[in-house]
Undergrad: 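Quick one: this structure, given as structure tokens, is what I'll be asking you about.
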Amino acid sequence: MSIPPLQGHSVSGRSVYYVPEFLTPDEETYLIRKIVESPHHNWKRLANRRLQLWGGELTPRNLLLPQPLPGFVESYPPLIQRLRDTGIFQYSPHGQPNHIIMNEYLPGQGIMPHEDGPAYHPVVATISLGSHTIFHYYKYKNEEDTSPDHPSATGRVVDQRPVMSVFLEPRSLIISTDEMYTSHLHGIEEIEEDIVISGNGNQPPTIASKGTPIDNWEMLKDEEMKESMRLGGVLKRAPRYSLTCRDVQRVAKGKTLVLR
Ligand SMILES: O=C(O)CCC(=O)C(=O)O
Ligand SMILES: [Fe+2]
């Protein structure tokens, strides 16, 4: 899908788009304040991280029981409008995201390789706040490869060598769509720091934990982070808040009795 505002943002010519400085530092500070000030009962605690659901909950049959999105994502910063302006949601059922998962990751926390699945139109836009991280895309191993390690939730074996890795700066936007949504997995390693090994000039820098390149290294904006890409370095993670924005295909209308 080639959409003018995102032209030039594709990572390695694939269906992943990296947009640095999608938010201003003031907008980032404001959103983080809203998040950390939110009442305790807004958080859902998982085994290895906390999250909030904005826009409602999904039933086990992937129907959204809608709730209004927090006012600030419509007004300041106008995230929904800014996401519409990228054009990436133009063919989605509601023309814009109707659901945001806000994940908190403390250093050492991450998310196992997974697929986002059929509940959503196959476009996912994630905004990073507070810290960098490294986002890896994976594919399944071929059926004939019977190595017993790392079966996924579906029982299929995930190739632990990423097909692509994207360095996410704070305030950046990453969009995944098409085959990177429908036939790949994505995840964040559960580590406290990212060790970047210099490519010494014209080779891309690599990630020590994986031995694979950082595919968007030339797209970064932050001077210190660019320097770490050129020279190598250890980047300690800080608390990161991410807003994962998607359009849930099926939305309950009116008052619906849902038997769980
Ligand atoms: O927090 C992130 O950057 C990724 C979250 C994610 O993959 C998800 O919520 O499905
Ligand atoms: Fe995901």
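Atoms within each ligand, like the ligands themselves, are counted from 1 in listed order. Quick note: numbers below take in every heavy atom, side chains included, and nothing from hydrogens, waters or symmetry partners. Position 1 is the first residue of the sequence; numbering continues from there.
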Undergrad: List the closest protein heavy-atom neighbour of atom 2 (C) of ligand 1: residue, atom name, distance to the nearest 0.1 Å.
TA: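 Atom 2 (C) of ligand 1 sits closest to the protein heavy atom Tyr105 OH, 3.3 Å.
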
Undergrad: Could you point out which residue of Arg82, Lys221, Arg171 forms a salt bridge (charged side-chain N to carboxylate O under 4.0 Å, His left out) with Glu21?
TA: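 That would be Arg171; it is the only one of Arg82, Lys221, Arg171 passing the salt bridge (charged side-chain N to carboxylate O under 4.0 Å, His left out) with Glu21.
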
Undergrad: Quick one: sort the Phe167 and His132 rings into parallel, tilted or perpendicular, breaks at 30° and 60°.
TA: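 Judged by the thresholds at 30° and 60°, the geometry between Phe167 and His132 is parallel.
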
Undergrad: Considering only N, O or S atoms, which atom of His186 is nearest to the Fe ion (ligand 2)?
TA: NE2

Undergrad: What is the name of the N/O/S atom of Asp116 that is nearest to the Fe ion (ligand 2)?
TA: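 Of the nitrogen, oxygen and sulfur atoms in Asp116, the Fe ion (ligand 2) lies nearest to OD1.
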
Undergrad: Any luck finding a side-chain donor-acceptor pair between Thr86 and Tyr17 under 3.5 Å?
TA: no

Undergrad: Thr133: heavy atom below 4.0 Å from ligand 1, yes or no?
TA: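 No heavy atom of Thr133 comes that close to ligand 1.
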
Undergrad: Pick, from Arg240, Met102, Glu115, His186, the option with the minimum heavy-atom distance to atom 3 (O) of ligand 1.
TA: Arg240

Undergrad: Any N/O of Asp116 closer than 3.5 Å to an N/O of ligand 1?
TA: yes

Undergrad: Just by distance, do the side chain of Asn103 and the backbone of Ser242 share a donor-acceptor pair under 3.5 Å?
TA: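 The answer is no, because no donor-acceptor pair under 3.5 Å joins these two groups.
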
Undergrad: Can a donor-acceptor pair be found, under 3.5 Å and without considering hydrogens, that links the side chain of Ser12 to the backbone of Arg14?
TA: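 No, the answer is negative, given that no donor and acceptor are paired below the 3.5 Å cut-off.
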
Undergrad: So if I count the atoms of ligand 1 from 1 in the order they appear, which ones are less than 4.0 Å from some heavy atom of Arg246?
TA: 10 (O)

Undergrad: Looking at atom 9 (O) of ligand 1, what's its closest protein heavy atom, distance included?
TA: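 Among all protein heavy atoms, the one nearest atom 9 (O) of ligand 1 is Asn103 ND2, 3.3 Å.
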
Undergrad: Mind checking whether Val124 contacts ligand 1 via backbone (N, CA, C, O), side chain (CB onward), both or neither, at a 4.0 Å heavy-atom cut-off?
TA: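 No part of Val124 is near ligand 1 at this cut-off.
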
Undergrad: Hey, does the side chain of Tyr18 reach the backbone of Ile175 with a donor-acceptor pair shorter than 3.5 angstrom?
TA: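 Not at all, since once roles are kept as given, no pair shorter than 3.5 Å links the two residues.
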
Undergrad: Excluding sequence neighbours, so at least two apart, what forms ring-ring contact (aromatic ring centres under 6.0 Å, His included) with His184?
TA: none

Undergrad: May I ask you to list the atoms of ligand 1 that are less than 4.0 angstrom from any heavy atom of Phe135?
TA: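 Counting from 1, the qualifying ligand atoms are 3 (O), 4 (C).
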
Undergrad: Which protein heavy atom lies closest to atom 8 (C) of ligand 1, and at what distance to 0.1 Å?
TA: His114 NE2, 3.8 Å

Undergrad: Please identify which atoms of ligand 1 are closer than 4.0 Å to at least one heavy atom of Thr126.
TA: 3 (O)

Undergrad: For His114 together with His186, are the ring centres under 6.0 Å from each other?
TA: yes

